[in-house]
Amino acid sequence: MPPPPAKILIHVVPGFAANDLDGVPIPNSGWYPSCPLISTAATMLLFSRNRSYVFLIAGIFLFVFLAIRKRSYQYSYVIDPFQSYHGDGSGDSFLPGSSGDPNYVPPNDYFDDNTDDNANDKDQNDEEDTADGIEWSKLKPNYPVQDMRQFPKGSPQWLPKVQKFIETEPAAERQVRLERRDAVKKVFQRCWNSYRKHAWMSDEIMPISGGKRDVFGGWGATLVDSLDTLWIMDLKDEFKEAVKAASKIDFSKAPGDKVNVFETNIRYLGGFLAAYDLSGDRRLLRKATEVGEMLYVAFDTPNRMPMTRWDAVDASKNKPQEADESVLLAEIGTFALEFTRLSLLTKDPKWFDAAHRITELLHKQQDTTRFPGMWPVIVNARTTEFNLHNDFTIGAMADSWYEYLPKAHALVGGLLPQYREMYEKAMEAVIKRNVFRPMLPDNADVLVSGLVSVSRSGDDTVYSLKPEGQHLVCFAGGMLALGGKLVENQTHVSVGEKLMDGCIWTYSHMPVGIMPETFTMLPCPLTISPEKPECTFSETKWKDAIKRQLEAPDDISPEELNSLIAEKHISKGFTSLPDTRYILRPEAIESVFILYRTTGRKDLPEKAWKMFEAIEKNTKTELANAALSDITRYDPENEDESKRYPEKTDSMESFWLGETLKYFYLMFSEPDLISLDEWVFNTEAHPLRRLVPDLKGLFD
C-alpha cells in the first residue's frame, strides 16, 4: 500500500510537518490550509497514468516555489521581536539577509574600495563613546518604568492587498513617464547639490541667498530627511557620502533651544530608520538608536507622557520634568511607527512601551470625548485627560495621529487590533461631520474636510462645522484610501478619492496652479445625501458666504462687493483665502500617489505632472526651490516684472527633498518601487518595512 499523500509530501517539499494530515503547520509561521490541495496534487503527480500531468504538476510546484522564494526573501518577519533581548528565546527571529536584520551586511560593491567607514564597528563605537556630551542611554531615570509593555507574540496577519495591479503601459507612454520621473530627479539633484555646497550639515539651505538655517536642533535635518530619497532615486554615490556625514552627527550635545520632540522623531528617527530599512547600513541603525535614546529621556516624567517641547539641557542634568497640561494631539500621538520599528529592530521594548502607553490612553478615551470617535486638538498630558476640549479635526495639530492609525495597523501586521478599531471609529465620525461637499461653479463632485466645534445648547449637543480647507489635510485622501484597503471598506476608499479630487480641484483653480495653505468654501446643504448628490452652484449664495467670511457690511453694494472679491483674488468656489502661502508642501501629491497605487486611476499621472510643472515653474531659484508668500499674486502683463508672479521667500524646508520630490518621483516610477504592500510611510514620507507573513520556511 502506498504511503499517505502527506507522508509523500514530506519527502517532496522539506519543511512540512509529518504529524498533521489535515493541515500544514509551518514552523513559526502559523497555519496554512494548503495540505488537501497539495496532497491531491502529489497523488496526481505520482499515480497518474497520463504522464503529461507529471510535467504539469511539477511545473506548478516549481513556479510556486520560485515565486514564494523571490517574494519572501525581502520581508522582515518577527515572531517574538524581543525574544533574544530578554534571553528567553532561541535566537534572532528576524529574517536573515534582509535589511530588517541588524546583522545584515550590504553588498560588496556598496562601499568604495578605499573606504573603511563600515569596516570596524568597534572602532566606530569607541569613537562615539568619547564624544563630548551626554550619553543619554546612561542617564539614570527619575521615574523608571515599572511595568514594561511587550510587543505581542504571534504571526503577522495576512492583511488585504493595498496596491492595485497597474498594467504595463505602451512604449510611448512609458517613455513619457520615465522622462517625467527623470525631470523630478534633476530638480532634486539641483537642490541637493546646492545644499551640499552652501549648507552642508545644517538643517536647511536658504534657496535665494545661499545661506543656511538651523531650526531643528542643528543636526542636519535636510541631510537626514534626504537619505532615503537618495537611495530611492538610485543616487548611491551621494547616498554613501551622506551616510558618512550623517554618521558623525553628534546627538550627545543638548541644544540650547527646546527640542521639538515631534519633529525630531519624524525627521531624524524616521529618516535614519527608513534609510537603514532600505540599505541595511548598520551605521544608520546606530544613529537611529542614538536619536531614540535621546528622545526616550523626554518620556522620563511621573506618568511617562512625553515633554513635547523638551528642555534637553535640564534633562541632561537629571532635573525632574513633568508633561505639559496643554499639548497638541499630533505631537503626543505621533510615535507609534518610529518607536515600534526601532524596538523591533533593536529588540529593546522600551520605545514600544513609551509609544504604546499613549496609544492605550487614547484608545480608552475615544468614546468619552465630546465628539465620540474623535479626539480634541488639545489634550492634557499631565493629567492624561484626552477628552476635555471642544475642537475636532483631522487637519493641522491633530493630523498625524489619525494618519498613524491605519499605518500602525499595517506596520505591525494587525497584531495590535486597537489601531484598526480606533481607525474605523474615527473615520465614521470624520465622514459624518467633518467632511463636506463644497458648492462649486462646475458642480464638481469633490469633498473637503473641515473643523468641528462642539458645544451645548440646553440638553442638546451642537456640532458646528468650520468649512476651512488646508493644504496639510490633503493627506487625508491617501489615509482613507490606504485604510479602506486595509480594512476592506470601499466607502473609505471612495471618500478618500473625493478628498484627493478636492485638492486637485483647488490646485487647478488657483491663478498659478498651486494650492494655498488655507481656504474656505461654502458647504452644500446638509440635506444633500449620497442618494441626492446634486449641489447646484448659486452665485447669490456664494457672494453671501463671502460677505460673512470677510465680515463685510450688510449694506455693501454689488459693485463694492465685486471689487472686494477682486482685491482678495477670490475665485468662484472659494469664500476666503486666509493664508495664501505655499511652503513646498507634499500632502496633495502624497494622496495622488497613494490613490494611484491603490486605484490605478489613469488620469492621475497627468494631473500629478501638471502640479509638478506649476510648482517647479513658480518656486525655482538659481540654487534650489523656494516657498511662495502669495500664490494669488499673478499678473503676467504687469510692467513691473517683480509683480508678475508670486513672490518667493528665502525658505526651503527639509520636507521638500524628504517628502514632496520623493512622492513626485515615486508617482512616475515602477509601481513595485516601495510597494505599499511591503512598506508604510511615516508622516515625513520615510518608508518603514511592514511586518508581513513570511513563507520562506515553507521550502527551507
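Heads up: numbering here begins at 1 and tracks the sequence. No hydrogens, no waters, no symmetry mates; every other heavy atom, side chains included, goes into these values.
Applying the side chain to side chain donor-acceptor pair (under 3.5 Å) definition to pairs two or more places apart or across chains, those involving residues 320-329 are Trp310-Gln321.
Scored by the side-chain hydrogen bond (donor to acceptor under 3.5 Å, both in side chains) test, Asn318 finds no partners at all (sequence neighbours excluded). With sequence neighbours excluded, the residues that form a salt bridge (charged side-chain N to carboxylate O under 4.0 Å, His left out) with Asp314 are Lys319. Partners of Lys407 according to the side-chain contact (heavy atoms from CB on, under 4.5 Å) rule, which considers only residues two or more places apart in sequence or in another chain, are Leu337, Glu403, Leu482, Glu590, Val680, Phe681. Among residues two or more places apart in sequence or in another chain, the side-chain contact (heavy atoms from CB on, under 4.5 Å) test is passed with Glu421 by His363, Lys425. Residues passing the salt bridge (charged side-chain N to carboxylate O under 4.0 Å, His left out) test with Glu587, sequence neighbours excluded: Arg585. Partners of Thr340 under the side-chain contact (heavy atoms from CB on, under 4.5 Å) rule, at least two apart in sequence or in another chain, are Phe151, Leu344, Phe352, Leu411, Val412. Evaluation of the side-chain hydrogen bond (donor to acceptor under 3.5 Å, both in side chains) rule for Tyr423 yields His492 as partners, not counting sequence neighbours. Applying the salt bridge (charged side-chain N to carboxylate O under 4.0 Å, His left out) rule to Arg420 yields the partners Glu424; only residues at least two apart in sequence or on another chain are considered. Here Glu360 pairs with Arg149 under the salt bridge (charged side-chain N to carboxylate O under 4.0 Å, His left out) rule; sequence neighbours left out. Not counting sequence neighbours, the partners of Ser591 by the side-chain contact (heavy atoms from CB on, under 4.5 Å) test are Met500. Scored by the side-chain hydrogen bond (donor to acceptor under 3.5 Å, both in side chains) test, Asp579 finds Arg581 as partners (sequence neighbours excluded).
Between the CZ atom in Phe335 and the CH2 atom in Trp401 there is a gap of 11.5 Å [rounded to 0.5 Å]. Rounded to the nearest 0.5 Å, atoms CG (Leu388) and OG1 (Thr368) are 8.5 Å apart. To the nearest 0.5 Å, atoms CZ (Phe239) and OG1 (Thr229) are separated by 10.5 Å. Between the CD1 atom in Ile431 and the CZ atom in Arg433 there is a gap of 13.5 Å [rounded to 0.5 Å]. Rounded to the nearest 0.5 angstrom, Ser316 OG and Trp136 CH2 are separated by 5.0 Å. To the nearest 0.5 angstrom, Leu362 atom CG is 7.0 Å from Ile332 atom CD1.
A donor-acceptor pair under 3.5 Å is formed between the side chain of Lys485 and the backbone N or O of Thr598. For Ser343 (side chain) and Asp348 (main-chain N/O), a donor-acceptor pair under 3.5 Å exists by modelled atom type. Asp228 contributes no side-chain N or O that, together with a main-chain N or O of Ala274, makes up a donor-acceptor pair within less than 3.5 Å. Looking only at distances, no side-chain donor or acceptor of Asp311 sits under 3.5 Å from a matching main-chain atom of Lys258. Proximity of a side-chain donor or acceptor of Asp367 to a complementary backbone N or O of Pro372 within less than 3.5 Å is not detected. Between the side chain of Ser247 and the backbone N or O of Arg283, no donor-acceptor pair lies under 3.5 Å. Judged by distance alone, the side chain of Asp203 and the main-chain N or O of Gly220 form a donor-acceptor pair under 3.5 Å. Using a distance-only test at 3.5 Å, with no hydrogens or angles considered, no donor-acceptor pair links the side chain of Gln470 to the main chain of Thr518. A donor-acceptor pair is defined here as one N or O able to donate and one able to accept, closer than 3.5 Å; no such pair exists between the side chain of Asn260 and the backbone of Arg309. Checked by atom type and distance alone, the side chain of Asp277 pairs as donor or acceptor with a backbone atom of Arg689 at under 3.5 Å.
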* Asked: Can you list the steps and then say if Glu659 with Lys662 is a salt bridge (Lys or Arg N to Asp or Glu O under 4.0 Å)?
  -> CA-CA 5 Å; Glu659 297 189 70; Lys662 182 187 297 168; over 6 Å; no
* **Stepwise side-chain hydrogen bond (donor to acceptor under 3.5 Å, both in side chains) check, Glu338 with Asn265** => CA-CA 7 Å; Glu338 298 84 1; Asn265 176 56; 3.1 Å; yes
* Test log, rule side chain to side chain contact (heavy atoms under 4.5 Å, CB included), inputs Tyr276 and Leu342 -> CA-CA 11 Å; Tyr276 171 72; Leu342 182 59; over 6 Å; no
* Output, in order, the C-alpha distance, side-chain angles, deciding distance and verdict of side-chain hydrogen bond (donor to acceptor under 3.5 Å, both in side chains) for Tyr463 and Ser453. => CA-CA 6 Å; Tyr463 299 90; Ser453 294; over 6 Å; no
* **Pair Arg267-Glu684, salt bridge (Lys or Arg N to Asp or Glu O under 4.0 Å): steps then yes or no** => CA-CA 6 Å; Arg267 297 182 193 237; Glu684 192 75 5; 3.8 Å; yes
* To do: Verify side chain to side chain contact (heavy atoms under 4.5 Å, CB included) between Ile378 and Asp391, making sure each step is shown before the conclusion.
  => CA-CA 8 Å; Ile378 305 294; Asp391 292 337; over 6 Å; no
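A donor atom on one side chain and an acceptor atom on the other are not found under 3.5 Å apart for Ser400 and Thr683. Between the side chains of Asn303 and Arg382, no donor N or O sits under 3.5 Å from an acceptor N or O. Counted by atom type alone, Thr222 and Asp225 present zero donor-acceptor pairs between their side chains at under 3.5 Å. Side-chain contact, Thr461 with Arg456: a donor N or O sits under 3.5 Å from an acceptor N or O. Under the 3.5 Å distance criterion, with hydrogens and angles disregarded, no donor-acceptor pair is assigned to the side chains of Ser279 and Asp281. No side-chain donor from either of Arg213 and Ser202 sits under 3.5 Å from a side-chain acceptor of the other. With 3.5 Å as the limit, one finds no donor-acceptor pair spanning the side chains of Ser449 and Asn434. Looking only at atom types and distance, the side chain of His356 has a donor-acceptor partner in the side chain of Gln418 under 3.5 Å away. For the residue pair Glu135/Ser137, the side-chain donor-acceptor check at 3.5 Å is not satisfied.
With a 4.5 Å cut-off on side-chain heavy atoms, Phe216 and Thr264 do not count as touching.
Both tests hold for Arg304 against Tyr296: distance to the six-membered ring centre under 6.0 Å, angle to the ring axis within 45°.
Atom CD of Glu428 has 12 or fewer heavy atoms from other residues, nucleotides or ligands within 6.0 Å. Counted within 6.0 Å of CE on Met397, heavy atoms from surrounding residues, nucleotides or ligands total 12 or fewer; the atom is thus considered open.
No option in Thr384, Asn387, Val379 other than Thr384 meets the side-chain contact (heavy atoms from CB on, under 4.5 Å) test with Leu361.
By the 30° and 60° cut-offs, the orientation of the rings of Phe371 relative to Phe392 is perpendicular. The aromatic rings of Trp219 and Tyr268 lie perpendicular to each other, with more than 60° between the two planes, well past the 30° mark.
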